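Just so you know, these numbers come straight off a predicted model, no measurement behind them. Numbers restart at 1 for each chain; the letters A, B, ... are given by sequence-line order, proteins then strands. FYI, side chains are in, hydrogens and waters are out, and symmetry mates aren't considered; it's all heavy atoms of this structure.
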Number of protein chains: 2
Amino acid sequence: MESKDVEPNLYDRNCGSRQVLDRIGDRWSVLVVLTLADGVKRYSELAQRIDGVSQKMLTQTLRGLERDGLVSRTVHATVPPRVDYALTDLGRTLLPLLSSLQAWATGHLAEVEAARTQYDTRP
Amino acid sequence: MESKDVEPNLYDRNCGSRQVLDRIGDRWSVLVVLTLADGVKRYSELAQRIDGVSQKMLTQTLRGLERDGLVSRTVHATVPPRVDYALTDLGRTLLPLLSSLQAWATGHLAEVEAARTQYDTRP
DNA sequence: CGGGATCCCGTAGGATACTG
DNA sequence: CAGTATCCTACGGGATCCCG
């Protein structure tokens, strides 16, 4: 099969789908999107909620998500300034997947940790 | 079900669930697991299939997945040596999620790229 | 063939200070 | 408050050599 309908190959480093996957796979992106799951959040709320993220990384992550059309950014011309972030429709389509991921992570945490200790304590 | 249910907080950097998520979110881990979806693979097969991965990263990724109990590693004492990698039962439970992720990436690729160009070409 | 060990570089990413 | 700008370090990750 070699039509122009290239059937996106995730394993090809030049394929766009891989870049999309990279974004999804990003540490902070996942956490940001999940945080925005329950509605609009301000910059400071995000920073507060997501433990360990530096403002540089948070800003960078938000820009990336905004660029990819997953998150919308709304600036209110007030004093003090206020910026709201929310999921776009596209971003919302990603939500079920990330929730599943979250569920898997918490649900299988015990097994993973067990595997780790077993791996670490062996000949 | 027990009283110890601290309800794993993904947003706490010290919570194990976040480390699990980090592993899943890893660039190469996802691709390796997906590659192993259709059965046992040798080291060289993986290296060949996954474009752009260095052997160092491949080895490192495989070790990580093995440690977390997602992938099994079988060494055959032959000459030349032969090492087989396969998903464990635990690893297989992750498969549907990653497939969904893959589907999302390819399915929404166009929208994401559109959003990008729009973002890049604006005041 | 499947990696372990080294060397080395680029950059991701943290801390801090400054601005609109 | 919500960033940008700067500096600086750690580490991701590539290339190379070598061994079981």
Practice item. Compare all side-chain heavy atoms of A/Leu94 with those of A/Leu97 and state whether any distance is below 4.5 angstrom. Key: yes
Review point. OP1 or OP2 of C/dG2 sitting under 4.0 Å from any side-chain N/O of B/Ser44?
Key: yes
Review point. Side chain of B/Arg63: nearest nucleotide among C/dG3, D/dA2, D/dT4?
Key: C/dG3
Point to revise | Distance, rounded to the nearest Å, where A/Asp51 contributes CG and C/dG14 contributes C1' | key: 14 Å
Practice item. Heavy atoms under 4.0 Å is the rule here; annotate nucleotides 5-16 of chain D 5' to 3' with B where the base is hit, S where only the sugar-phosphate is, and - elsewhere. Key: --------BB-B
Review point. Are side-chain heavy atoms of B/Leu87 and B/Leu95 found at a separation under 4.5 Å?
Key: yes
**Study point:** Side-chain N or O of B/Arg42 closer than 4.0 Å to phosphate OP1/OP2 of C/dG2
**Key:** yes
Check your understanding: Quick one: does B/Tyr11's side chain have a donor or acceptor within less than 3.5 Å of a partner on A/Gln48's backbone?
Key -> no
Practice item. Mind calculating the distance between CD (B/Glu66) and P (C/dG2) to the nearest angstrom? Key: 15 Å
Check your understanding: Within a radius of less than 6.0 Å around CD of A/Gln118, do more than 12 heavy atoms belonging to other residues, nucleotides or ligands occur?
Key -> no
Point to revise | Side-chain N,O (A/Tyr85) to OP1/OP2 (D/dG3) below 4.0 Å | key: yes
Review point. Can you find a pair of side-chain heavy atoms, one from B/Val83 and one from B/Arg42, that are under 4.5 Å apart?
Key: no
Exercise for review: Report the C-alpha separation of B/Arg116 and A/Asp68 in whole Å, then their side-chain angles, then the decisive distance to 0.1 Å, and conclude whether the salt bridge (Lys or Arg N to Asp or Glu O under 4.0 Å) test is met.
Suggested key: CA-CA 5 Å; B/Arg116 280 183 187 169; A/Asp68 286 2; 2.7 Å; yes
Review point. Between D/dG3 atom P and A/Leu58 atom CG, what is the distance in whole Å?
Key: 8 Å
Exercise for review: Determine whether more than 12 heavy atoms belonging to other residues, nucleotides or ligands lie under 6.0 Å from atom CD of A/Glu45.
Suggested key: yes
Practice item. Check the pair A/Thr74 / A/Tyr85 against side-chain hydrogen bond (donor to acceptor under 3.5 Å, both in side chains), numbers first and verdict last. Key: CA-CA 6 Å; A/Thr74 311; A/Tyr85 292 93; over 6 Å; no
Point to revise | Angle between terminal axes - the helix from C/dC1-D/dG20 to C/dG20-D/dC1, 5 pairs each end, rounded to 10° | key: 50°
Practice item. Examine C/dG2: is either OP1 or OP2 under 4.0 Å from a nitrogen or oxygen in the side chain of B/Arg73? Give yes or no. Key: no
Review point. What's the CG-P distance between B/Leu65 and C/dG3, to the nearest Å?
Key: 13 Å
Exercise for review: Return the value, rounded to whole Å, for the distance between atom CG of B/Asp84 and atom C1' of C/dG3.
Suggested key: 15 Å
**Study point:** salt bridge (Lys or Arg N to Asp or Glu O under 4.0 Å) partners of B/Arg63, counting only residues at least two apart
**Key:** none
